[in-house]
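These notes concern the structure reproduced below.
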Amino acid sequence: MSSRPEVSLPHRSKAAPLSEGELRKLKLRLIDRMQSRFGADFPDGDWDVLERRLQEQHQLLFQSFYQLYGDRFDSFYHLEELMAVVFRSVLERPAELKAFDALRESDKDWYLAPRLMGAMCYVDLFAGTLRNLEAKIPYLIELGITYLHLMPIYKVHSTDCDGGYAVSDYRTINPRFGTMEDLEHLATQLRRHGISLVLDFVFNHTSDEHEWAQRALKGERDYQDFYLFFKDRVLPDQYERTLVEVFPEEHPGAFTYQTALGQWVWTTFYTSQWDLNYRNPEVLVRMLDELLFLANRGVEIVRLDAIAFIWKELGTNCQNLPQAHTIVSVLNAATQIAAPAVVFKSEAIVHPDEVRTYINRAECVLSYNPELMALLWESLATRNIRTLLASVRKRFPLPDGCVWVNYIRSHDDIGWSITDEEIREAGYDPIAHRRFLTQFYTGRVEGSFAEGVPFQENSSTGDARVSGTCASLAGLGKAIRNQDRVEIDFAIGRVLLLYGVVMTIGGIPLIYLGDEIGSLNDASYLDDPLRKADSRWIHRPKFPWEQMQEVADHDTPAARIHDGILKLGIIRRQNLALRPGKTEFVGTGNDHVLGYFRTHAQASVLILANFTEKVEVVEGRILRGLGLRRTVIDQVSGMTISSGTTLELQPYQFMILDRQGSR
């Protein structure tokens, strides 16, 4: 694998950052090395662009790399190899993508634009193949989608694919979906229609069928060092004293015995997924190479999967360690040199305070907002917004140039990632409250409207997460079966209320495709031996294209949800107040009604959302105190509202009231 380094720097402590002089010398030395290796292949203009980008990123890149590996004798060798990956990637980058880089460099905050609206799907369940997905672009445009996240499409483990997250080859597409050429063609067509392609980068682990793992199993020591192997249980037992099991039903502990080697390998998630060893700098270099390969296929937003787990340290829970942030900084700085059209999105389903630590310009400028998702479902179950309000007032604001990706549900389960502090502040016991939420959304509470199923339920503690489609969790399936028109109306109201909030609260809204037509739970996964143990497949139904004619009938639940989401998207794009700006949460005098201002420049709106199936009121004096004009038109319903009298919100009503010129 690694040859003897040509140049090595003196041993230095990880705590000692490089000085300005050392950074400058290191940059010049590396430019000289890259010039000797690649200079003849670059036109002068391209070289100038690279030097400019390196000047912008070298401090973050070099400092981060040396923070990780500066105490190794071969650190300079590996840093040079990392830079070689960057320069080779630029040489291989298609001209159209280089032009796109230049466009994005002229508008570095392009991802903040109000035009961005996201959708996510499994290729096979939505369209069959990547080529067939191209034919669905007009449907995406109709929905207003400008950001398309495809669930993992890579070659995966032959029997234990984990929904695509057990990657066996980052450069080969799962044959069920097509080829890498098909992906490039799709990316081009999406880009030309103004839709950014989003793909996962599964960088905590590979499957045990990946070439690196297979070579490790054959006894190649260099490749064994790509993973975390242990000859006995001494260290694994010490680690597991402080680790938290992720999937206790499927995989107790975090290590799997490999009979062929007589060793234990670290497997955080599933036994077929081997965690990568980022203490080895070659792993970081090789994974950057895989990342930039995907960038050169036309990916614009990279979702960093399981970002919290990528560094291990004895005596900790091996989540959210400082080195995880440093690794992401290296990847980000290198990507901004090689492919500045690309940005990162973090996926950190951890404590809400830890989620925020990944969101900054040096790491990920986009991030999922799992806490908001959990809080919205919590508010529907309790018919109370105290917990929601306590949390968002503290954690919703982000650093400049960063943005939340807000969603109601994803391909994953719903976990109650709400802090004990906020739960107590709202007047609940944290353990009992989380158990209530799980019981409520799995239909085990008297009067529950939801039809979810438990995921990874612990029979001894009662801990579990929840699976289910948005519409089924909102009660639509039960209401339709009971032919209860009132409950159907309520269920539709719940769906549109949730999407109303994520469309207007600030950030990029994300639709799991199928939600926009009220897709219900699909229990057919129980007939599939490879899926029946994973209840998340209940909310991953095949997209019901055959039912799309229902959308034309404006009285059906599918049409009402579809039309409502289209309307919300139009309002979001056209209302100046909903452009990137300030979100300010306000008291409404009613614990059942959420209120917040959205303000951009001189435009401002007050948004109100009733989280109950009852008529709720906001007093006129409160409305006037919030700066509403005496009469204003609700932009959702078209009704004229008078702030001089008590305002009545109908069950699950969502309102957008113009505040412009009222102060």
Side-chain angles (χ1 to χ4, degrees), residues 1-34 36-37 54 57-88 203-206 212 215-216 220-231 235 239 263 265-266 274-292 309-316 318 321-335 337-338 362-363:
M1 294 293 298
S2 303
S3 60
R4 191 175 184 84
E6 298 176 8
V7 183
S8 63
L9 294 180
H11 175 94
R12 54 187 304 118
S13 166
K14 291 180 181 179
L18 295 165
S19 68
E20 289 295 326
E22 288 174 318
L23 283 168
R24 184 170 58 255
K25 289 178 182 178
L26 185 55
K27 182 187 70 172
L28 293 174
R29 181 179 296 180
L30 283 167
I31 288 176
D32 183 62
R33 294 290 297 149
M34 295 301 103
S36 66
R37 293 177 65 170
L54 183 58
Q57 300 294 335
H58 79 282
Q59 184 168 353
L60 175 63
L61 178 58
F62 297 166
Q63 292 284 26
S64 298
F65 192 88
Y66 271 86
Q67 188 176 340
L68 292 166
Y69 308 118
D71 59 345
R72 293 178 58 112
F73 78 95
D74 57 354
S75 58
F76 181 83
Y77 167 78
H78 289 292
L79 180 57
E80 181 181 330
E81 288 308 299
L82 183 143
M83 293 305 303
V85 166
V86 170
F87 277 65
R88 275 197 298 269
F203 74 130
N204 175 72
H205 52 265
T206 73
W212 302 344
R215 294 181 71 168
E220 294 189 42
R221 295 292 298 274
D222 285 336
Y223 281 100
Q224 288 177 3
D225 198 34
F226 274 37
Y227 302 96
L228 295 142
F229 281 98
F230 303 87
K231 293 183 178 180
L235 278 174
Y239 274 110
Q263 297 188 60
V265 64
W266 199 308
W274 292 6
D275 286 39
L276 289 161
N277 174 23
Y278 281 95
R279 290 183 181 275
N280 177 358
E282 189 165 2
V283 170
L284 180 57
V285 173
R286 295 286 291 273
M287 290 303 287
L288 173 66
D289 201 12
E290 303 304 292
L291 172 62
L292 294 182
F309 294 87
I310 59 175
W311 191 270
K312 326 297 185 192
E313 199 75 56
L314 194 62
T316 74
C318 298
L321 296 176
Q323 295 89 340
H325 295 277
T326 309
I327 288 167
V328 176
S329 295
V330 171
L331 294 174
N332 182 52
T335 301
I337 297 169
E363 297 178 60

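Given the structure is predicted, the values throughout are model-derived calculations rather than measurements. Starting from 1, each residue takes its place in the sequence as its number.
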Residue from V265, N277, L235, N280 passing side-chain contact (heavy atoms from CB on, under 4.5 Å) with L228: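 Of the listed residues V265, N277, L235, N280, the side-chain contact (heavy atoms from CB on, under 4.5 Å) partner of L228 is N277.
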
Just to verify, which of V330, L331, L30 counts as forming a side-chain contact (heavy atoms from CB on, under 4.5 Å) with L61?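 Single side-chain contact (heavy atoms from CB on, under 4.5 Å) partner of L61 among V330, L331, L30: V330.
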
Where do [X] and [Y] come nearest, in terms of heavy atoms and distance?
{"X": "A84", "Y": "R37", "value": "CB-NH2, 3.7 Å"}
{"X": "S329", "Y": "E363", "value": "OG-CG, 3.6 Å"}
{"X": "Y239", "Y": "C318", "value": "CD2-SG, 4.2 Å"}

[X] side, atom [atom1]; [Y] side, atom [atom2] - distance, nearest 0.5 Å:
{"X": "F65", "Y": "L26", "atom1": "CZ", "atom2": "CG", "answer": "10.0 Å"}
{"X": "L288", "Y": "N332", "atom1": "CG", "atom2": "CG", "answer": "11.0 Å"}
{"X": "L284", "Y": "L276", "atom1": "CG", "atom2": "CG", "answer": "10.5 Å"}
{"X": "K27", "Y": "R29", "atom1": "NZ", "atom2": "CZ", "answer": "14.0 Å"}

Report yes or no: does Q63 contribute a side-chain atom to a donor-acceptor pair with the main-chain N or O of L18 at less than 3.5 Å?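 Yes: the side chain of Q63 pairs with the backbone of L18.
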
In a check of ring-ring contact (aromatic ring centres under 6.0 Å, His included) between W274 and each of F226, W212, F229, W266, which one passes?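 Among F226, W212, F229, W266, the one meeting ring-ring contact (aromatic ring centres under 6.0 Å, His included) with W274 is F229.
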
Any idea how F62 and H58 line up, ring-wise: parallel (<30°), tilted (30 to 60°), or perpendicular (>60°)?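 Perpendicular, since the angle between the ring planes exceeds 60°.
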
Are L292 and R88 packed together at the side-chain level, in the sense that at least one heavy-atom pair is separated by less than 4.5 angstrom?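 SC-SC contact between L292 and R88 ruled out.
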
May I ask you to test the F203-F309 pair for a side-chain heavy-atom distance under 4.5 Å?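 Of all side-chain heavy-atom pairs linking F309 with F203, none is under 4.5 Å.
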
Can R279 and E313 be said to form a salt bridge (Lys or Arg N to Asp or Glu O under 4.0 Å), step by step? CA-CA 10 Å; R279 290 183 181 275; E313 199 75 56; 3.2 Å; yes

Looking at residues at least two apart in the chain, or sitting in another chain, which of them share a salt bridge (Lys or Arg N to Asp or Glu O under 4.0 Å) with K312?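 K312: salt bridge (Lys or Arg N to Asp or Glu O under 4.0 Å) contacts with D275.
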
Go through the structure and list residues passing side chain to side chain contact (heavy atoms under 4.5 Å, CB included) with R24, not counting sequence neighbours.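 Per chain and number, R24 pairs via side chain to side chain contact (heavy atoms under 4.5 Å, CB included) with L28.
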
For V86 and L54, run side-chain contact (heavy atoms from CB on, under 4.5 Å): C-alpha distance rounded to whole Å, both residues' side-chain angles, the deciding distance at 0.1 Å, then the answer. CA-CA 10 Å; V86 170; L54 183 58; over 6 Å; no

